[in-house]
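Right, one structure below, let's go through it.
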Amino acid sequence: DAGITQSPRHKVTETGTPVTLRCHQTENHRYMYWYRQDPGHGLRLIHYSYGVKDTDKGEVSDGYSVSRSKTEDFLLTLESATSSQTSVYFCAISERTGGSQPQHFGDGTRLSIL
Amino acid sequence: GENVEQHPSTLSVQEGDSAVIKCTYSDSASNYFPWYKQELGKGPQLIIDIRSNVGEKKDQRIAVTLNKTAKHFSLHITETQPEDSAVYFCAAILNGGTYKYIFGTGTRLKVLA
């Protein structure tokens, strides 16, 4: 299994509070991704990173920000959490982008916003 | 926008029977199609993938077929076992090699003993 650790694994918080989720990898892969998984929607890309300090938006980026100060860590921040951001969040990594390398996923963070 | 449609959403089969899950993609430039298996409380795990220069790929009881003309690809599981019960996702790379995967909405497979 790819060395990907997501923390925390579960979190319950209140609307309006800031939340930060962490993804840590031991594979030294260049590319890292944050997805959210909701019933009926599959996995949707929030943000991704193609190197230290290099990030870009995915299809559902509103309300989220990311940072990558080290190769191994990719942080996802909800500046002011809303109930619509209740979801399961997955981090993924790949060695290269494009069709030659698959993405490998962590075990997710279940986030509930009350 | 581009999308991937996956069918069926749920599938029940008897142990030992075959299971087939189908996906259709819209981006004709897509050239890479992975399949993931997700067990309860876990992240998706890659089980097989296929590139557009290949029509079929097998790995033991699992196979994937690709029809580029029709923009269809399918997952075939033979001799199903209870441990095959999970949610399966297909995906397609957009625009022939960018960072973006588009995922199907998943198929919950139940293998009945």
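A, B, ... follow the sequence lines: proteins, then strands. Residue 1 opens every chain. What you see is a predicted model, and the numbers here were worked out from it, not measured in a lab.
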Exercise for review: Step through the shown structure and confirm whether more than 12 heavy atoms of other residues, nucleotides or ligands are within 6.0 Å of CD on A:Glu14.
Suggested key: no
Review point. Tell me, side chain or backbone of B:Pro34 under 4.5 Å from chain A's heavy atoms, or both, or neither?
Key: neither
**Study point:** Heavy atoms from other residues, nucleotides or ligands near CD of B:Gln81 exceed 12 (cutoff 6.0 Å)
**Key:** yes
Review point. When you measure from the side chain of A:Asp107 to the backbone N and O of B:Lys42, does any donor-acceptor pair fall under 3.5 Å?
Key: no
**Study point:** Heavy-atom side-chain proximity of B:Gln45 to A:His104 below 4.5 angstrom
**Key:** no
Exercise for review: Check A:Phe90 against B:Gly43 and note the closest heavy-atom contact, atom names and distance.
Suggested key: CE2-CA, 3.4 Å
Practice item. Identify, with sequence neighbours excluded, every residue that meets ring pair (Phe, Tyr, Trp, His ring centres under 6.0 Å) alongside B:Phe33. Key: B:Tyr25, B:Phe73
Review point. Under 6.0 Å from the CZ atom of A:Arg44, do we count more than 12 heavy atoms belonging to anything else shown?
Key: yes
Exercise for review: Working to the nearest 0.5 Å, report the span between OG1 of B:Thr105 and CG of A:Asp38.
Suggested key: 12.5 Å
Exercise for review: Examine distances only and state if a side-chain atom of B:Tyr101 and a backbone atom of A:Gln103 form a donor-acceptor pair shorter than 3.5 Å.
Suggested key: yes
**Study point:** Which portion of B:Gln6 sits near chain A, non-hydrogen atoms under 4.5 angstrom
**Key:** neither
Practice item. Under 4.5 Å heavy-atom distance to chain B, tell me which part of A:Gln6 shows up: side chain, backbone, both or neither. Key: neither
Practice item. Indicate if B:Val20 and B:Ile77 have the same hydrophobic cluster label, given that clusters are the connected sets of ILVMFWY residues with side-chain heavy-atom separations under 4.5 angstrom. Key: no
Review point. If you draw a 6.0 Å radius around NZ in B:Lys57, do more than 12 non-hydrogen atoms from other residues or ligands fall strictly inside?
Key: yes
